[in-house]
Structure formats: C-alpha cells, structure tokens
4 protein chains.
Amino acid sequence: MGDISKKDRIITAALKLFSENGYHKTTVSQIANQAEVAKGTVYWYFDSKKELFQAIILTGIQRLASKIENRIKEEDDIIEKIKLIVMIYLEFFDKGRQYFRMFQEGMLAVIDDNFKNKLMDFRTKQAEFIAKIIEQGKKEEKIRLDVDSKDMAYLLLTMLTSFNSHLHYDNDFNIISKKDTIINIFLQGISR
Amino acid sequence: MGDISKKDRIITAALKLFSENGYHKTTVSQIANQAEVAKGTVYWYFDSKKELFQAIILTGIQRLASKIENRIKEEDDIIEKIKLIVMIYLEFFDKGRQYFRMFQEGMLAVIDDNFKNKLMDFRTKQAEFIAKIIEQGKKEEKIRLDVDSKDMAYLLLTMLTSFNSHLHYDNDFNIISKKDTIINIFLQGISR
Amino acid sequence: MGDISKKDRIITAALKLFSENGYHKTTVSQIANQAEVAKGTVYWYFDSKKELFQAIILTGIQRLASKIENRIKEEDDIIEKIKLIVMIYLEFFDKGRQYFRMFQEGMLAVIDDNFKNKLMDFRTKQAEFIAKIIEQGKKEEKIRLDVDSKDMAYLLLTMLTSFNSHLHYDNDFNIISKKDTIINIFLQGISR
Amino acid sequence: MGDISKKDRIITAALKLFSENGYHKTTVSQIANQAEVAKGTVYWYFDSKKELFQAIILTGIQRLASKIENRIKEEDDIIEKIKLIVMIYLEFFDKGRQYFRMFQEGMLAVIDDNFKNKLMDFRTKQAEFIAKIIEQGKKEEKIRLDVDSKDMAYLLLTMLTSFNSHLHYDNDFNIISKKDTIINIFLQGISR
DNA sequence: CATGAATGAGACTTCATTCAT
DNA sequence: CATGAATGAAGTCTCATTCAT
C-alpha cells in the first residue's frame, strides 16, 4: 500500500513528542497514540524507549553530516567553505531547535558506552573533515599558521554544536540574525 | 553545635547526586539518605524536588556572578578584563562540570515562568556588565567599532555558557588546556 | 472463559472495602489485593481512586432507579405505588446499608462539578417521576390538593434518601421493622 | 490578659476548617496556622486530631440539646412544643449546615466505642425527651394512640437529623422554606 | 506483524505526631 | 506552657515493559 510504514510513523511521532516535551515527559503510550499504532508495536520495532531515542538522534546527526558534505563540494573558496559550514550548522539548529533540545535533556538517560562511541565517531569524522579544510586554508595562506588545525576544527565544532544550547532558554537571542557577526568574528580571528 | 545545618546537608547531598546522576535518576529518598535526614525533612525545607533543584541552580549562578564582578575590579586593562572573564567562566565550568551537566538535563523538567525569568535576569545583567567593558574598549580604541557592543557581549556569553555543553560527552576535549586558543581567536576577532 | 472480568472484580472489591471501611481508610493497594489484580490494573480501568468511587456510586443509583421504574409499572393503585416506592427505597438502604455509608463519607473527597451534576440529574428525574404519581393521585381524589406535587415529591425523596443517614451510627433503629409506621404516618399525612 | 485562650482559638479555627473543608482535607498545620499557635500547641490541648474533632462534635450537640430544652419549657401546648422542636432542629441545621457536613464526613475516621457511646447517650436522651412530650400529647388526646410514643420519637428524630444529609449536595432544596409543609405533613399524619 | 490488557517496581509527596529547647 | 524542626510511615499514581491472543 502507499501507506507509510508503521516504523516510520513511530519515528516521526517520537521525534515530534521528544522534541516538544523532552525525553522524560514523553511516554511510550503517547508515541504509540500519535503514531496510531498499538503500544506493543513500538516494542516490536525498538527494544526500548531508550533505543528509539538513540535511533532518532543518530538519524538526525547523519543527515546533518551528509548535508554538509554534499553542499561543501560545490564551493571552491576555502573561506566560503567555512562560512558554509557555519551557516549549515546554524540553520540546522534553528530549524531543529526542538531537535537538539531533546538531545540535551534525554542524553543522560540514554547514554551507554555503545551509544557514546557512535557519537564520538561522528564527532571525530566531522572534526577531521573541517581540519582538512583549514589545512587547505593554511596552504592557500588564507588562515594563520600559528594555531593547530585540529584544535581550530574542534573549537569551531564545539562552538557550533554548543551554540544551540541556550536557544531554548533564551528566545531573545536569535542566532540566525546574528550569523554574520559570528562568522565575521570567527573568521577575523583565524585569518592571517 | 558546630553541626552543619540540615538544610545545608540536603543541598550538598542534592548537588552531589543531581550532578552525578542527573535530575531524573536522582530520587528524593537518595538525597535524604545521603544527607542523613528523614525524607520528610527535605520537604520541610523545599516544597518539591523541582524547587530544590531550582534553588541549587540559582545559588551556583549567583556565586559565579559575584566571583566575576569581584575579580574584574582588580584588573584595569580592558583586554585583560575580557581574558579574565573568559578564564573565570571556563574554570567555573571545568570545576563545575557536573554542576552544569545537571543543569542541562534537569532544566526541561524544572522550568516554569518564574524560574525562567530569574535566569533571564541573570543573563541580562551579565550581558550588560560585559557590554560596558567592551564599550570602554572601543573608547580606548582597542576594540573594533563596527560591531554592536551588546551583540558582542551576548555572543561571548553564549559562547561561554554553551561551551560547557559538550564537556560531558567529549572527555577528550579539554577546554582549559585550549583556553589560550579560544581567547586568542576571540580577541583577534574583536580587536581593531 | 467463564472468568469474571478484571474490571468487575475491581468494582466488587472496591465496593466491599469502601463500604466496610470508608473511602479514606481504603487504599488502592487493598482494592487491588482484594480483586487479585495488580495495582496498575486498577489504574488501567479507572483514572483515579476518586473516579472509581464515583463510578460505583453512579452504578448503584442507576440500579435503584431502574428497579423502581420497573416494579412501579406493575402496580395500578396510586397509594400502592407510593407504598412501593417507599418500600423499595427502604429495602435498598437496608440491604445497601454499607453502600450508603460509604456514600456519605467519601462524598466530600470526591465531589466535583461534573459529578454533582450527574447526581442532580438523577435526583431531578426521580422527583419528577414521583411528582407525576402524586399528580395522578390528586386527580383520583386520593391525595389532598393543598400541597404542591413537586414539593411533596421532593420531601418524600429527601426523607427517603436521608433516612439512611443514621443507620450507621444507630444500629438499634431498624428502619425496615418500622416501615409500616413510616408509610402509615406519611400517607395519612398526605391523604385527604 | 483579655486574650481569648489558645485552646478556644484552636477550637474556633478547627470548627471553621473542618466544616469548610471536611475532616480529611483539614490538616493540623492549617488549624494551628488559623489559630495563630504553633503546631505543638494543638497537641498540648488535644491528644490527637481525632480527639479535637470529637470534642467539637460533642460541644455542638450539647448546645443543640440545651437550646431545645430551654426553649421548650416556655411553651405549654403540646402541638406547639413539637412544632418548636422541628423548627429548632431545622434552624440549627440550616445555620450549621457546614457543621453537620463535617459531622458526616469525619465520623468514620473518628468513631470509636467511647465516642459512639457518647453519641448514643445523647440520642437516647433526646428520644426520651420527645417521647415524653408525645406521651403527654396522647393523654391530652391530641395525638393518636395507635403508635408507640418511643417509635414516633425516634422516627421524628431520625427524620430531623437525617434531613440535613442532603442539604449539602442539593442546594436547591431549601428546607427552611418548606418547614411548614414538613410540620404540616408530620403533624397531620400523627393527629387523630 | 500487531494488539492492548496487565503488571509491579518505585517515584513523589503528605501529614499526624514527637520532642528538644 | 509553647514552639516548630524533624520524622517516617503510608498513600496515590506513573509508566516502561511483557505476553497471550
């Protein structure tokens, strides 16, 4: 049938509810309701609430990663590449505000070694990806040489992933509207 | 007696447990146990688990604020003042790693309008405090004039408060050891 | 299976315990125990202890109502109809002594607008039902005309529903054994 | 001092709160607050919440009894005496609506053999008191002889004490406004 | 695959009562 | 007499998870 699979309906429902109300305030019943499946069905596709949550996080992160890699190819200039990364992250956070809100709240409840490793893997790959770009920038003499590329990459990544933190509590601080200031300051900071 | 008051014992115990295990995994029974008081005693001093949590957050924030204001007075040079702010924040996060871990996880469960307002008040005051310093830096021609002081202040504040976010999940990324890089990049970014 | 449904077992258990020990002294655990179901099962069928109580009251009231309406049809004589109503009520109270004991004790804890309305509806319908009979009695010149039918109906209803009040505290006063006296006095009072 | 004694303040506060919110919803803390004494003070004057409640009930009942006995003396005519009793009861209930609401709700929580006996004593005395009046009415040939005086007395008493039951749940049924109907029906019923 | 009734451990909270001061 | 901090038993309710159908 042209029906959306029940598994997909569950994921969509869970994403909506987790991000609106957080991991702890969301119950499996609510998810099942919203997805219009029986509670047991949720457990057919996912071993536990925790695993469902982890799956959603991982999916989101992978989407972000591939979006960045695809769009970055189309740009040649190193500085523009960095601008692009910053923008994609910021946009992603802005659109996925709720998405990352849930990330922070649920993490502690959900984390285990296996999941931690997956996150670290992703992070490491992202950092290496950015570090290569910065390295290239150094070769092109557009970025100053006195800072370690990997350090810079991690710093940028940390800044970006963490910027989102306060979006939730601080509605007045609109990151997107300030994105030029952010890019401006960061770039001036790393440029020769 | 030289005894520590029971209220203090409760706060200490709660801080320890909340920060080690998060808001949701910590039970009021555990707190009472750890503090060596009866469960009811917790409720004599705090109306609810939520209120206890809020009280701890607020106390921590206020301590940070007064530490900054006191130490900043002793420094004259504008650039050094900014460096100091960055350092105090980073040190605070590093020492209070657990402290802020609990902050993020518990927030969603605990937030209400009253509490939100208190947090906003704190943030606004901090931003104004930093903005004044930057303004002074502009007068002294040490900081570029083309960016709004308040924007810059908020940006710095957001960067700082949010940097802490990933400390928890990313044990390899030691912020303190990178603090010079951070300060360096930020300052080059905002200097003329 | 010939099994009684768990919901019914819960209701039966609750009725027994509420009426024996009152609303407040009865715990949900006791009810679950008595019904031989898990505590959670009680909450699967009823949202709260309060709602379970309300359901039981309402069920009882409805049974009384339909019993009266069915039996009254079989009787033609107006005076006999009234006698019958009085008797059914008194019998109901006597058999359901405990039933109404619980009614009084739990009421204050359980009452809310919605529930109040349901009770009022029932009462209004009963009064109208009785008023019609009295009205008919007037036409047949068996009942005196100088008292309002509805007033009389309400008075009878109030007398009847409230007679039960003191059964609990006054074991010596056996209503059933006095029912002829009661009917006698009431009827002679309202007869021409 | 011209001060009202603390004991009296406690009783007044308890009466107010018990009758407004019922026995179970009233806490000892609330009573202490309302009376402006410390919680411990309540326990200096009363061994328990239960005993405080019993004391209040007993006081109220005694007041009703003496009011009736005093006023009845002033009336000579037997029929008028009975009317008076009915009226005093109904008025008492009407004024003390809340008072008796609390009576019903708290009773089950508070009853013990000792207390039960005290209530029975009161009831017996009241019944005997009324029975004597009826007996006198028989002698004066104003009341029919075919019903036992004590039965009649108990019936009247039960009717009266129980009429109050539904005042609480049925605000539309104003007993006082119907008191003539009640007296009328009762009296005509028992008169020759 | 799918359902949803059933489970039960455990969480938060209340509050009558006590007792050292 | 009076206080109020402290106690802890007990109660209501939630919800992730299971399993017979």
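No hydrogens, no waters, no symmetry mates; every other heavy atom, side chains included, goes into these values. By convention in this document, chain letters (A, B, ...) are assigned in the order of the sequence lines, proteins followed by strands, and residues within each chain are numbered from 1.
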Between atom CG in A:D47 and atom C1' in F:dT18, what is the gap in whole Å?
-> 13 Å

Toward the 5' end of DNA chain F, by each residue's nearest nucleotide, A:T27 or A:G40 | A:T27

With no hydrogens and no angle check, do the side chains of A:T41 and A:K6 hold a donor and an acceptor under 3.5 Å apart?
-> no

May I ask you to say what D:Y45 touches in the nucleic acid, namely base, sugar-phosphate or nothing, with a heavy-atom cut-off under 4.0 Å?
-> sugar-phosphate

Atom pair distance, as rounded to whole Å: CD1 in D:I31 and P in E:dC15 | 12 Å

Out of F:dT12, F:dT7, F:dG4, minimum distance to the side chain of D:A38 belongs to F:dG4

Whole-Å distance separating the CZ atom of B:F46 from the P atom of F:dA5 = 14 Å

Roughly, in whole Å, what's the span from NZ in A:K25 to C1' in E:dA11?
-> 16 Å

Check the distance between E:dC12's C1' and B:H24's NE2 and give it to me in whole angstrom.
-> 13 Å

Is there a donor in the side chain of B:Q54 and an acceptor in the side chain of B:D112, or the other way round, less than 3.5 Å apart?
-> yes

Measure from the side-chain heavy atoms of B:K6 and tell me the nearest of E:dT18, F:dT7, E:dC12.
-> F:dT7

Nearest-nucleotide check on DNA chain E, B:Q30 vs D:V28; residue mapping nearer the 5' end is B:Q30

B:K39 side-chain N/O to B:Q30 backbone N/O, donor-acceptor pair under 3.5 Å = no

When both distances are under 3.5 Å in a Watson-Crick or G-U wobble arrangement, the nucleotide paired with F:dT21 is E:dA2

A:I10 CD1 to E:dT3 C1', straight-line distance once rounded to whole Å = 12 Å

Can you tell me the distance, in whole Å, between the CD atom of A:Q54 and the C1' atom of F:dA16?
-> 15 Å

Answer with base, sugar-phosphate or nothing: what part of the nucleic acid does C:K49 contact at a heavy-atom distance below 4.0 Å?
-> sugar-phosphate

Assign each of B:W44 and C:K50 the nucleotide of DNA chain F bearing its closest heavy atom; nearer the 5' end lies the nucleotide of B:W44

Looking for any heavy atom pair under 4.0 Å, which part of the strands does C:T41 touch: base, sugar-phosphate only, or nothing?
-> base

Ignoring hydrogens and angles, are the base of F:dT3 and the side chain of D:K39 linked by a donor-acceptor pair under 3.5 Å?
-> no

Within 45° of the six-membered ring axis of D:F46 and under 6.0 Å from that ring's centre, is NZ or CZ of D:K7 located there?
-> yes

May I have the distance from A:N33 (atom CG) to F:dA16 (atom P), rounded to whole angstrom?
-> 13 Å

State whether C:Y23 and C:K50 meet the cation-pi test: NZ (Lys) or CZ (Arg) under 6.0 Å from the six-membered ring centroid, and within 45° of the perpendicular axis.
-> no

